[in-house]
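Scroll down for the structure; my scribbles are underneath it.
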Amino acid sequence: MAQKKTAAELRAELRILRTHGIGNNITKVFRDLIKYGCLVGIAYFAYMSIDSLSGKTTQADISVKAEGSVSVDTSDTVSQASVPEWYKITLLSALFFGGGGIAYGRYQAKLRKDVIQRYHPIMQEAEQRIDNMRSSSELTERGDTRPEDT
Amino acid sequence: MSDQIFVIISGFVFAVGLWWLYFIEYRTYRVDHTRQRLFKIRDDLFKKAEEGIVPFDSKAYGIARVTLNGMIRFAHDLSFFRILIILLTYKKIDHGEHTKRYQEAYTQALEELPESAQEAILQSQLDMHLVLIGHVVRSSLILMLLLEPLRFILLILHRWKIRQLIKSERGRITLSIVDAEAKEIGDDLAIAA
């Protein structure tokens, strides 16, 4: 690929690389807006839930107390509103298995990257011997995106 | 009260967990997956060159490899929105002359090769385009939800023509706009190395 290029070609290449950089930055802003916007949305809904719950629960407490003074059956009213045990167990199990799954996936990815790192120089040398003009993607030795590209 | 708070907190944790799973873990996985598939295409092409089907010093091999290198390098930036920007802006640069030059150089380089070598290079280009489209569709939640069921239906109806569409002259030319940019990055890498 090391052939002489005209000034016009080089100028066009420079424009392409510059546009690539601008395009990348626009995409990153757009992507981050969606990514962190979702996180803000989740936090907002959680806040709204707690906010609305605090007022309503106070009212419920009062009504239970008022009912309690008239009826003996208040314990039933309270127990109906509570979260069942099976729900809590299911939820905690889901968190455990979900978190465990992510951790397992991460560990597997790490093992794969360890292998890439170990065999990368051997592969590179073998290919270089066959094709001395061999070009590279210039990723890191572990096959990750270069820090300056992110 | 504590039970309701428990439900809210657990709901919040699940929502954040899903967010993490999609935006961090899944996206990282998709980039890694795409890169591995592109590495495989590059390795297959290298193997064909080693077997003598494609000459290592041919211009077409150089372009194909450099384009693949650029694609591998900027796989983490590939998305539907990014491709849209490339397709919308390429005419602003040099009135699309650069892409035309890339297409002409590639066609000319291919013509210099025997048929078996041409086939090998074109196969690697087709595979690269399929990987690119697969990555773009599966990286976007909306596109995935819209297009994956459609793909499944088409697959059932035996009308699966996307491969032919990408292989067609028109499909190849459209996607070579992205290739031209990828090659430029690959060239840049070769100069820097």
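In this text the structure is predicted, and so the values were computed from the model without any measurement. Note on naming: letters A, B, ... go to the chains in the order of the sequence lines (proteins, then strands), and numbering restarts at 1 for each one.
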Subject >> salt bridge (charged side-chain N to carboxylate O under 4.0 Å, His left out) involving A:Arg142 - partner list, sequence neighbours excluded >> reply: A:Asp114
Original post:
Rounded to the nearest 0.5 Å, how far apart are CD1 of B:Ile9 and CD1 of A:Ile50?
Top reply: 6.0 Å
Original post:
When rounded to the nearest 0.5 angstrom, what distance separates CD1 in A:Ile34 from CZ in B:Phe23?
Top reply: 7.0 Å
Subject >> Which portion of B:Tyr26 sits near chain A, non-hydrogen atoms under 4.5 angstrom >> reply: neither
Original post:
What orientation do A:Phe30 and B:Phe81 show, parallel under 30°, tilted 30 to 60°, or perpendicular over 60°?
Top reply: parallel
**OP:** Name the region of A:Lys88, side chain, backbone, both or neither, that has any atom closer than 4.5 Å to a heavy atom of chain B.
**Re:** both
**OP:** Can you check whether anything in residues 99-109 of chain A gets within less than 4.5 Å of chain B, heavy-atom wise, and list it by number?
**Re:** A:Ile102, A:Arg106
Original post:
How about A:Ser135 and B:Arg42: does a side-chain donor come under 3.5 Å of a side-chain acceptor?
Top reply: no
Subject >> Segment of A:Phe45 engaging chain B (4.5 angstrom heavy-atom cut-off) >> reply: neither
Subject >> Part of A:Ile22 lying under 4.5 Å from any heavy atom of chain B >> reply: neither
**OP:** Measure the CD1-OG distance between B:Ile8 and A:Ser52 for me, rounded to the nearest 0.5 Å.
**Re:** 6.5 Å
**OP:** Sort B:Arg82 into side chain, backbone, both or neither according to what part of it lies under 4.5 angstrom from a heavy atom of chain A.
**Re:** both
